[in-house]
Amino acid sequence: MSRHGDSSWTLHAAITGPDDLLDKGTLRTWRRGQKQPQAVESLALLNRIEQRYQLPEGYFQEKLGPRPRASAGKTPELSASESRRLAWHLPDDFASRPAAERAKILEWVRRVIISGSTDYRRYHSETVKQRFGMRFDTSRRQNDLDAPPQLDEEMKDLAAFKSSTLTRAGFKRSGVWNEATAAQRTEHFGLLFGALAAAPEGDIRGLGLPAADLTFGMLLFPAVWDWYVQWRERRRGFYTSWEAEMLLLGAALTRAETGWLRQRRDIADRLVPIEGLVSQDEVEVAKANWDQACDQLNKHAVARAKEIERVARVHRDPFEPILVILEADSPLAEYRKITEEIVRRMPDPKRYPKPHAEAVRSYLMLRIGLHSGLRQKNLRQLLACRRDERPLTERQLIEGKRGELRWNDREHGWELFIPSVAFKNSSSSFFANRPFRLVLPDLGNLYAYIDYYLERGRGLLLSGSRDPGTLFIKTVKTTSRNASYTQSGFYEAWRLVIQRYGIFNPYTGKGAIEGLLPHGPHNIRDVLATHVLKQTGSYEQASYAIQDTPEMVSQHYGRFLPQDKAALAAQVLNKAWA
């Protein structure tokens, strides 16, 4: 402005027209650093200043550096709430583009970034609109129908039978449910009984049983299981392994000596006929010979499960959102690009301290996940201990069933220390009752980011609220003072990082990987297992990366295709031609 002899007033007059709303004093506040251009209209005026002074396009935006939030602007096609949600993913000049182009951009953003559209997600988005599952007291799922008292009592007894430290006197069991498994089983039984109680009319097309008649005892009849698995097949269009697993769960309930239902003969008193499925005579026979009825269901469920497994199809392919990463020669290096994108777009900590802390939190989530291969629960519950603090003892961590990020003086590095009881597969041969310990490598300034986050960043996010002690915390706002992540909250936080930094957006030029879809933290385990498989061909070494067994890697985590195996063998064979 000095070189061109401009004052705030003359520059304002030169770059504004009759329809512009820029106040004359705004340029003065920009010059003094009291405010910065954020709105779409303000950024457009910066472009006019660049033209007036013959500066390169984007000169001032480069000076501003990465912005902590998306540019605000009026978008005629969107409501205010959706506009805020999509602003990150729309180009700055979106509102000035032709209507047809705006529609094309919006369709792509909604389909790819927001919903991450796959066949399963489209199916799921429709089915979740039809609430039918029953809600037990121990269930985490928010459904429409409360379980009747007698059914709720039975569910609690089953959960206690499978979860308690010691079996109740007079009972025998095989296997124990941890907290996560108990919650999952409770939810699955809620869906089963919800389907039995749902009205035959309408979208659910349930069996329409009175809630007062529902009891676990009715699971003793093969006809009830046949109705349920066929009902699920009609809704989905095909069978999946889920139906087979439910049948095997029913078989376990009636197993000789250790089945819970077999040992609860008193439930027989609650049995009533089910029109079209179970006659009064069948009820009387079951009451008269409970063991025989359990044997019949056990054999039927096992046989049905095998039949379904032969025709089961995969509906939710867990690899689909990250397929573009798994197909790369080095999946880990490909996923690492997301962390590099976070660093590249990290706001200035002096200008935007809280947005900077949020970006560091996102960076550490992905970095620690990539180095450790931990499940979502272990990452979410990981405690934080600063360098100058005393870490918790192993006994304290065992009691809390969670791990801790701590400084290891002997190794001179940041260490993850997690007792084996904190893991879902704590009885796995991987642990052998020993804790999991991993010293994180100081690569890519990882230690500097950890130190900043523990010393300053977490405090900014807490804003004076109660500290839950976990490494990863939510940004505390006036509407919510609880800084702890829930299971769904942590998943959404990870998914948001992928939406903002991971998915390449051709309309904004932001994002690290083209073809990526939104996903949660569990996919990290797929990336690590597949990466090790592609480098070594060893399922055993791949299992070490995710604290699991070679069998689990082979069945669930590693995407090791024939061409990958052939390429790995060729590396050895081709050396003979060197």
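Below, all heavy atoms of this structure are taken into account, side chains as well, without hydrogens, waters or symmetry copies. All figures in this text were calculated on a predicted structure; none of them were measured in a lab.
- Gln555 places no side-chain N or O within 3.5 Å of a backbone atom of Met552 that could act as its donor or acceptor partner.
- Taking 4.0 Å as the cut-off between side-chain N and carboxylate O, Arg559 and Asp526 do not count as a salt-bridged pair.
- Proximity of a side-chain donor or acceptor of Trp260 to a complementary backbone N or O of Phe161 within less than 3.5 Å is not detected.
- Side-chain contact between Ser163 and Glu179 is absent, with no heavy-atom pair separated by less than 4.5 Å.
- When side chains are defined from C-beta on, Ile368 counts as touching Leu379, because their heavy atoms get closer than 4.5 Å.
- Leu366 is listed as a side-chain neighbour of Ile338, based on a closest heavy-atom distance under 4.5 Å.
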Practice problem: Would you please test His519 and Ile498 for side-chain contact (heavy atoms from CB on, under 4.5 Å) and show each step? | Solution: CA-CA 7 Å; His519 57 271; Ile498 303 304; 3.6 Å; yes
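- Here the rule is ring-ring contact (aromatic ring centres under 6.0 Å, His included) with Tyr485, and of Phe490, Phe472, Trp494 only Phe490 fits it.
- In this structure, Arg168 forms a cation-pi arrangement with Phe171, its terminal cationic atom sitting closer than 6.0 Å to the ring centre and no more than 45° off the ring axis.
- The local environment of NZ in Lys172 is sparse, with at most 12 non-hydrogen atoms from other residues, nucleotides or ligands closer than 6.0 Å.
- At a cut-off of 3.5 Å, with distance as the only test, a side-chain donor of Asn289 or Gln292 sits close to an acceptor on the other residue.
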Quiz prompt | Test side-chain contact (heavy atoms from CB on, under 4.5 Å) applied to Leu192 and Leu219, step by step | solution = CA-CA 10 Å; Leu192 188 158; Leu219 302 185; 3.8 Å; yes
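- Taking the centre and axis of the six-membered ring of Phe238, the NZ or CZ atom of Arg313 falls inside the cone set by 45° and 6.0 Å.
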Quiz item: Could you go step by step and tell me if Leu440 and Leu405 meet the side-chain contact (heavy atoms from CB on, under 4.5 Å) rule?
Solution: CA-CA 10 Å; Leu440 299 172; Leu405 173 70; 4.0 Å; yes
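- When all heavy atoms of Val532 and Ser538 are compared, the pair lying nearest together is CG1-O, 4.5 Å.
- Each of Arg402, Lys401, Arg406 was evaluated against Glu404; a single residue qualifies, Arg406, per the salt bridge (Lys or Arg N to Asp or Glu O under 4.0 Å) test.
- Take Phe436 and apply the ring pair (Phe, Tyr, Trp, His ring centres under 6.0 Å) test, not counting sequence neighbours, and it matches Phe423.
- Using modelled atom types, one side-chain atom of Asn378 and one backbone atom of Ala422 make a donor-acceptor pair closer than 3.5 Å.
- Salt bridge Glu153/Lys156: absent, no basic N to carboxylate O contact under 4.0 Å.
- The aromatic rings of Trp414 and Trp407 sit perpendicular to each other, their planes meeting at more than 60°, with 30° as the lower class boundary.
- Closest approach of Ala268 to Trp290, counting heavy atoms only: CB-CZ3, 3.4 Å.
- Of the charged side-chain nitrogens involved, at least one lies within less than 4.0 Å of a carboxylate oxygen, so that Asp548 and Arg525 count as a salt-bridged pair.
- Side chain of Lys534 to main chain of Asp564: no donor-acceptor pair is present (N/O by atom type, distance under 3.5 Å, no hydrogens or angles).
- Comment: Asp295 does not engage Lys299 in a salt bridge, judged by the lack of any side-chain N to carboxylate O separation of less than 4.0 angstrom.
- Here the side chain of Gln547 pairs no donor or acceptor atom with the backbone of Ser543 at under 3.5 angstrom.
- Asp203 and Arg205 are not joined by a salt bridge, as no carboxylate oxygen comes within less than 4.0 angstrom of a charged side-chain nitrogen.
- Side chains of Ile473 and Leu462 form a contact here, defined as non-hydrogen atoms less than 4.5 Å apart.
- Val229 is not listed as a side-chain neighbour of Met246, based on a closest heavy-atom distance of 4.5 Å or more.
- For the pair Glu394 (side chain) and Pro419 (backbone), a donor-acceptor distance under 3.5 Å is absent.
- Inter-residue side-chain proximity for Leu438 and Glu415 is flagged as unmet; no heavy-atom pair is nearer than 4.5 Å.
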Self-check item: Lys287 vs Asp269, salt bridge (charged side-chain N to carboxylate O under 4.0 Å, His left out): CA-CA, chis, key distance, verdict
Solution: CA-CA 8 Å; Lys287 288 181 178 180; Asp269 297 333; 5.6 Å; no
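- Aromatic ring pairs are classed by plane angle as parallel below 30°, tilted from 30° to 60° and perpendicular above 60°; the pair Trp227 and Trp231 is parallel.
- In this structure, the side chain of Ser463 does not engage the main chain of Gly459 through any donor-acceptor pair within 3.5 Å.
- Using a cutoff of 4.0 Å between basic side-chain nitrogens and carboxylate oxygens, Arg387 and Asp409 are not scored as salt-bridged.
- Judged by distance alone, the side chains of Thr475 and Arg361 do bring a donor and an acceptor atom under 3.5 Å apart.
- Using a 4.0 Å cut-off between charged side-chain N and carboxylate O, Glu307 and Arg304 make a salt bridge.
- Proximity of a side-chain donor or acceptor of Asn523 to a complementary backbone N or O of Pro321 within less than 3.5 Å is not detected.
- For the 3.5 Å distance criterion, the side chains of Arg173 and Thr167 qualify, holding a donor opposite an acceptor.
- Closest of all the heavy-atom pairs between Leu271 and Gly217 is CD2-C, 3.4 Å.
- Side-chain atoms of Arg255 do not come within 3.5 Å of backbone N or O of Cys294 as any donor-acceptor pair.
- A donor-acceptor contact under 3.5 angstrom links the side chains of Tyr544 and Glu540, judged on distance only.
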Exercise. Begin with the C-alpha distance, continue with both residues' side-chain angles, and end with the deciding distance and a verdict on ring-ring contact (aromatic ring centres under 6.0 Å, His included) for Phe193 and Phe216.
Key: CA-CA 9 Å; Phe193 286 109; Phe216 272 80; 5.0 Å; yes
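- In this structure, the side chains of Ile450 and Val360 stay at 4.5 Å or more apart for every pair of heavy atoms.
- Between the side chains of Glu154 and Gln150, not a single donor N or O lies within less than 3.5 Å of an accepting N or O.
- Residue Glu275 places its CD atom among 12 or fewer non-hydrogen atoms of other residues, nucleotides or ligands, all under 6.0 Å distant.
- In this structure Tyr557 satisfies the ring pair (Phe, Tyr, Trp, His ring centres under 6.0 Å) test together with His522, sequence neighbours excluded.
- Nearest heavy atoms, Lys474 versus Ser484: CE-O, 3.3 Å.
- Between Asp213 and Arg270 no salt bridge is recorded (no basic side-chain N to carboxylate O distance below 4.0 Å).
- More than 12 heavy atoms of other residues, nucleotides or ligands lie within 6.0 Å of CZ in Arg234, so this atom counts as buried by the packing criterion.
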Practice problem: Determine, step by step, whether Leu471 and Leu454 satisfy the side-chain contact (heavy atoms from CB on, under 4.5 Å) criterion, reporting the C-alpha distance in whole Å, the side-chain angles of both residues, the deciding distance to 0.1 Å, and the verdict. | Solution: CA-CA 8 Å; Leu471 175 63; Leu454 294 182; 3.7 Å; yes
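- Between the side chain of Tyr491 and the backbone N or O of Gln376 there is no donor-acceptor pair closer than 3.5 Å.
- Once rounded to the nearest 0.5 Å, the distance linking CG of Leu214 with CZ of Phe189 reads 13.5 Å.
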